[in-house]
Amino acid sequence: MVSRFVFGLGLLSATALVHPAFAADARTLQIFVSKDKQSLAVYDGTEVVATSKVSTGKDGHTTPSGIFSVLEKQKYHESNLYSNAPMPFMQRLTWSGIALHESNSVPRYPASHGCVRMPGAFAKMLYGMTGNGIPVIISDGELAPQPIDHPNLFRPETSVAMPLLSDVELRPSMPDSPQKPVQVAMNDTAAMPMPVAALMPKPEIEPPSEPISMLITRRTLRETVIDIQTLLNQLGFSAGDPDGLLGPSTVQAVTAFKTLRPAEFAGDRSLISDRLLKAVYAAAGKGEPPNGVIMVRKAFKPVFEAPVTITDPGLALGTHFFTLHAVDEKAGTADWLGITLENNLSRETMKRLGISNQESSIVTGKPIARSLSRITIPDETRRKIDALIAPGSTLTISDTGLGTETGEGTNFITITRG
């Protein structure tokens with residue numbers, strides 16, 4: 001049983017604390033804010049280690065719901081938006097102005113201009129517990145991370161020791177007579193002797209220590225244009241750098257490609273379309289184009305992205321968030337925790353994404369397992385990510401892409417409700 005104590009008698013009903021000596025670089029902490037309960041809970045794995053009352057944004061300045069992380073910390077900060085209002089022990093969640101911070105006014109009902117206000121003693125304590133990149137989930141109702149075991153989640157690669165001897169029949173190692181040479185069993189009698197260095201135990205590879213952030217989502221126009229640029233360049237059409245932008249070189253290359261196939265593009269008035277993407281993939285011998293993408297960031301910077309395939313694309317994936325709590329490199333296992341956030345899509349968004357049914361966006365049944373099972377990740381991509389994961393790594397699955405808050409100096413930010 002973990003011992004518990006109260007941080008200040010005056011905060012007995014509002015703030016409780018467990019494990020006061022967490023290091024600032026702890027990698028498996030998560031912060032959950034409930035706007036309905038006006039409360040904040042800090043989790044280490046599935047265990048609550050600290051709680052507090054909060055005040056979120058009032059009408060007209062609602063705190064957005066979604067998946068965030070701590071981007072920047074300042075012991076003393078003044079608001080750039082609201083008359084230099086003091087924001088001590090500020091932990092920034094978006095570059096547009098949303099943060100966790102201390103306040104003298106935390107009435108436990110929505111009262112802020114969008115930030116999450118916390119009592120002074122708790123804000124100071126939380127500031128000492130967290131580091132940049134710590135996930136912060138803001139939702140209407142209370143959420144709690146649960147263990148998730150699914151074959152599509154990433155886990156470390158295990159090194160398989162190769163046997164020195166095969167199942168060949170052993171021959172005697174002592175001669176029948178002094179005149180006969182010694183016979184030794186080998187894996188392959190026709191092969192050259194294995195170098196001594198190859199028989200020596202390999203030094204253990206240091207596992208990754210820096211967590212990564214991942215997003216699986218539907219491909220947007222940007223990823224489609226990058227693919228078209230890349231493949232048209234391979235086909236000799238000079239589409240320019242694969243940057244996802246429709247510059248003059250790209251437009252000229254697309255036009256030239258279509259001009260050579262007039263019957264195929266008859267009646268197609270749009271410059272970029274699914275018909276064009278499929279035709280370019282076929283011309284390059286790449287088969288069917290993927291409809292999803294996985295993006296990877298580390299220390300708030302892009303690392304790489306790769307295509308994935310989403311089955312039943314007309315059905316919403318929903319919004320799900322996973323955190324890697326612990327890794328056993330030797331056993332090749334990983335302990336993932338997951339939550340599902342309610343994220344009802346507008347009709348316009350559903351039409352834009354080609355979604356006809358968003359049933360799995362509703363938090364019922366087993367939406368996490370259903371969504372994970374619909375995603376196919378190429379083996380090469382999986383091996384690359386397996387080698388990168390470390391405790392504290394996160395994975396977001398969302399229909400709505402990068403979002404406007406994701407940018408330079410952020411992890412993947414997903415807004416589920418503005």
Side-chain angles (χ1 to χ4, degrees), residues 7 11 14-17 19-35 38-44 48-57 61-82 84-106 108 110-139 143 145 210-211 213 297 299-300 321 323 392 394 396 405-415:
F7 193 89
L11 299 175
T15 304
L17 171 65
H19 299 319
F22 273 104
D25 62 348
R27 297 192 183 280
T28 58
L29 297 184
Q30 298 185 78
I31 298 172
F32 288 82
V33 176
S34 167
K35 294 191 287 187
Q38 290 292 288
S39 63
L40 180 152
V42 183
Y43 279 82
D44 179 33
V48 177
V49 297
T51 62
S52 175
K53 67 176 183 178
V54 299
S55 285
T56 58
H61 300 277
T62 306
T63 302
S65 297
I67 302 163
F68 309 87
S69 60
V70 174
L71 306 179
E72 177 188 47
K73 297 174 63 176
Q74 292 182 13
K75 288 187 177 180
Y76 185 78
H77 178 76
E78 292 183 348
S79 173
N80 298 321
L81 300 176
Y82 300 106
N84 297 323
M87 300 168 61
F89 299 104
M90 185 274 294
Q91 303 192 55
R92 183 184 297 279
L93 304 184
T94 72
W95 292 114
S96 63
I98 305 300
L100 310 170
H101 66 82
E102 173 191 341
S103 175
N104 293 326
S105 175
V106 188
R108 200 160 195 166
S112 78
H113 286 89
C115 288
V116 178
R117 295 179 181 176
M118 302 175 290
F122 183 85
K124 182 178 180 180
M125 181 275 299
L126 184 65
Y127 190 93
M129 291 173 64
T130 62
N132 286 352
I134 294 294
V136 180
I137 295 89
I138 301 176
S139 59
L143 294 175
E210 186 78 18
S213 175
R297 290 191 172 197
F300 301 150
F321 182 70
T323 301
T394 62
T396 300
E405 292 288 356
T406 300
E408 187 175 349
T410 74
N411 280 334
F412 298 108
I413 298 175
T414 300
I415 303 296

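Keep in mind that the numbers below use all heavy atoms, side chains included, and drop hydrogens, waters and symmetry copies.
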To the closest 0.5 Å, what do you measure between [atom1] ([X]) and [atom2] ([Y])?
{"X": "Leu126", "Y": "Ile134", "atom1": "CG", "atom2": "CD1", "result": "9.5 Å"}
{"X": "Met90", "Y": "Gln74", "atom1": "CE", "atom2": "CD", "result": "4.0 Å"}
{"X": "Phe300", "Y": "Glu72", "atom1": "CZ", "atom2": "CD", "result": "10.0 Å"}
{"X": "Met87", "Y": "Arg92", "atom1": "CE", "atom2": "CZ", "result": "7.0 Å"}
{"X": "Ile413", "Y": "Ser69", "atom1": "CD1", "atom2": "OG", "result": "6.0 Å"}
{"X": "Leu40", "Y": "Thr51", "atom1": "CG", "atom2": "OG1", "result": "8.5 Å"}

Side-chain touch [X]/[Y], heavy atoms, less than 4.5 angstrom:
{"X": "Met118", "Y": "Val106", "result": "no"}
{"X": "Phe32", "Y": "Ser139", "result": "no"}
{"X": "His101", "Y": "Arg117", "result": "yes"}

**OP:** Could you check Lys35 against Thr63 for side chain to side chain donor-acceptor pair (under 3.5 Å), going step by step and ending with a plain yes or no?
**Re:** CA-CA 8 Å; Lys35 294 191 287 187; Thr63 302; over 6 Å; no
If you compare all heavy atoms of [X] against all heavy atoms of [Y], which two are closest, and at what distance to 0.1 Å?
{"X": "Ser103", "Y": "Ser105", "value": "OG-N, 3.0 Å"}
{"X": "Pro119", "Y": "Lys53", "value": "CD-O, 3.4 Å"}
{"X": "Pro145", "Y": "Gln30", "value": "CB-NE2, 3.9 Å"}
{"X": "Asn411", "Y": "Ser213", "value": "OD1-CB, 3.6 Å"}
{"X": "Gly114", "Y": "Pro64", "value": "O-CD, 4.5 Å"}
{"X": "Thr323", "Y": "Thr394", "value": "OG1-CG2, 4.1 Å"}

Subject >> Derivation and outcome, side-chain contact (heavy atoms from CB on, under 4.5 Å), residues Leu100 and Leu93 >> reply: CA-CA 7 Å; Leu100 310 170; Leu93 304 184; 4.2 Å; yes
**OP:** Go through the steps for Phe321 and Ile137 under the test side-chain contact (heavy atoms from CB on, under 4.5 Å), then give the verdict.
**Re:** CA-CA 9 Å; Phe321 182 70; Ile137 295 89; 3.9 Å; yes
**OP:** Might you work through the side-chain contact (heavy atoms from CB on, under 4.5 Å) test for Val49 and Met129, ending with a clear yes or no?
**Re:** CA-CA 11 Å; Val49 297; Met129 291 173 64; 4.1 Å; yes
Original post:
Between Glu405 and Thr410, do the side chains contain an N or O donor and an N or O acceptor separated by less than 3.5 Å?
Top reply: no
Original post:
Okay, side chain of Trp95, backbone of Gly407: is any donor-acceptor separation there less than 3.5 Å?
Top reply: no
Original post:
With distance as the sole test, does Gln38 use its side chain to make a donor-acceptor pair with the main-chain N or O of Thr56 at under 3.5 Å?
Top reply: yes
**OP:** Verify side-chain contact (heavy atoms from CB on, under 4.5 Å) between Ser39 and Ser34, making sure each step is shown before the conclusion.
**Re:** CA-CA 5 Å; Ser39 63; Ser34 167; 3.8 Å; yes
